[in-house]
Amino acid sequence: SVTLSIAGGDWQGPYGRTFSAWRLSSASGPGYGFSSDPLTLAAIGAARTVVLVLQQSVAQLKQAASLIGWLGNVYGIPKDHILVVVNRYLKRASVTFDDIRRALGHDELTVLPSHYKAVLASIDCGVPLVEYDRTSPVTRAILELQHELVSGHHVEQQRAAGDVFQ
């Protein structure tokens, strides 16, 4: 399912910035399960950045496109306030990086490459990924995503089309 996280103001991050995050499942509301309860309305209204996480599948791409439209039409959230994160990115997937850009009308995508081995080993060992394998492509991408959320500036993911993300 597509995940919607809304960043706003609750936990202390690096550089003295404060953030909040809510994770909303796409299984409880109109159409694809987008919620319009008072907590969601308040969170979206207060958010500086809405983070939309999806994987490379046609179903999730359709859900994400619908959600971006819903955020714009219902909440008036401009596309440049929506950060699209492609999780478990595979260079050779049937849904490509350019397919996602075109379908969502988003030129800037943040990519978390698929590196199942490191992620699973980190989980199995009970050690945060950043401590388990700091050099892993997914670790570096997560740290770049953190920087992007903290700074409010998009970290260009030019490598997404290159050999770094396999």
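The analysis underlying the following values was restricted to heavy atoms, covering all of them including side chains, and did not include hydrogens, waters or symmetry mates.
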Distance in Å, [X] [atom1] paired with [Y] [atom2], rounded so as to fall on 0.5 Å steps:
X: Arg88; Y: Gln56; atom1: CZ; atom2: CD; answer: 11.5 Å
X: Leu104; Y: Ser66; atom1: CG; atom2: OG; answer: 11.0 Å
X: His115; Y: Leu120; atom1: NE2; atom2: CG; answer: 11.5 Å
X: Ser114; Y: Lys91; atom1: OG; atom2: NZ; answer: 14.5 Å
X: Asn73; Y: Ile68; atom1: CG; atom2: CD1; answer: 12.0 Å
X: Arg134; Y: Thr139; atom1: CZ; atom2: OG1; answer: 8.5 Å

In this structure, would [X] and [Y] fall into the same cluster of hydrophobic residues linked by side-chain contacts under 4.5 Å?
X: Ile123; Y: Val138; value: yes
X: Tyr132; Y: Ile142; value: no
X: Leu52; Y: Phe97; value: yes
X: Val58; Y: Ile100; value: yes

CA sep, side-chain torsions, deciding dist, call: Leu54, Asn87, side chain to side chain contact (heavy atoms under 4.5 Å, CB included): CA-CA 6 Å; Leu54 69 137; Asn87 192 25; over 6 Å; no
Check: His106 side chain, Asp80 main-chain N or O, donor-acceptor pair, under 3.5 Å: no
Backbone of His147 reached by a side-chain donor or acceptor of Ser151 within 3.5 Å: yes
Partner of Leu83 under side chain to side chain contact (heavy atoms under 4.5 Å, CB included), chosen from Val51, Val53, Val50: Val51
Working for side-chain hydrogen bond (donor to acceptor under 3.5 Å, both in side chains), residues Thr135 and Asp133: CA-CA 5 Å; Thr135 63; Asp133 186 357; 2.9 Å; yes
Identify the heavy atoms of [X] and [Y] that sit nearest to each other, and give their distance.
X: Asp107; Y: Arg101; result: O-NE, 2.8 Å
X: Val95; Y: Ser57; result: CG2-C, 3.9 Å
X: Pro113; Y: Ala141; result: CD-CB, 3.5 Å
X: Ala118; Y: Ser136; result: CB-OG, 4.0 Å
X: Asp99; Y: Ser94; result: OD2-O, 3.6 Å

Heavy-atom check, side chain of Leu112 versus side chain of Val86, under 4.5 Å: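 With C-beta onward as the side chain, the pair stays apart.
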side-chain hydrogen bond (donor to acceptor under 3.5 Å, both in side chains) between Thr110 and Glu144, worked out: CA-CA 9 Å; Thr110 298; Glu144 288 175 0; over 6 Å; no
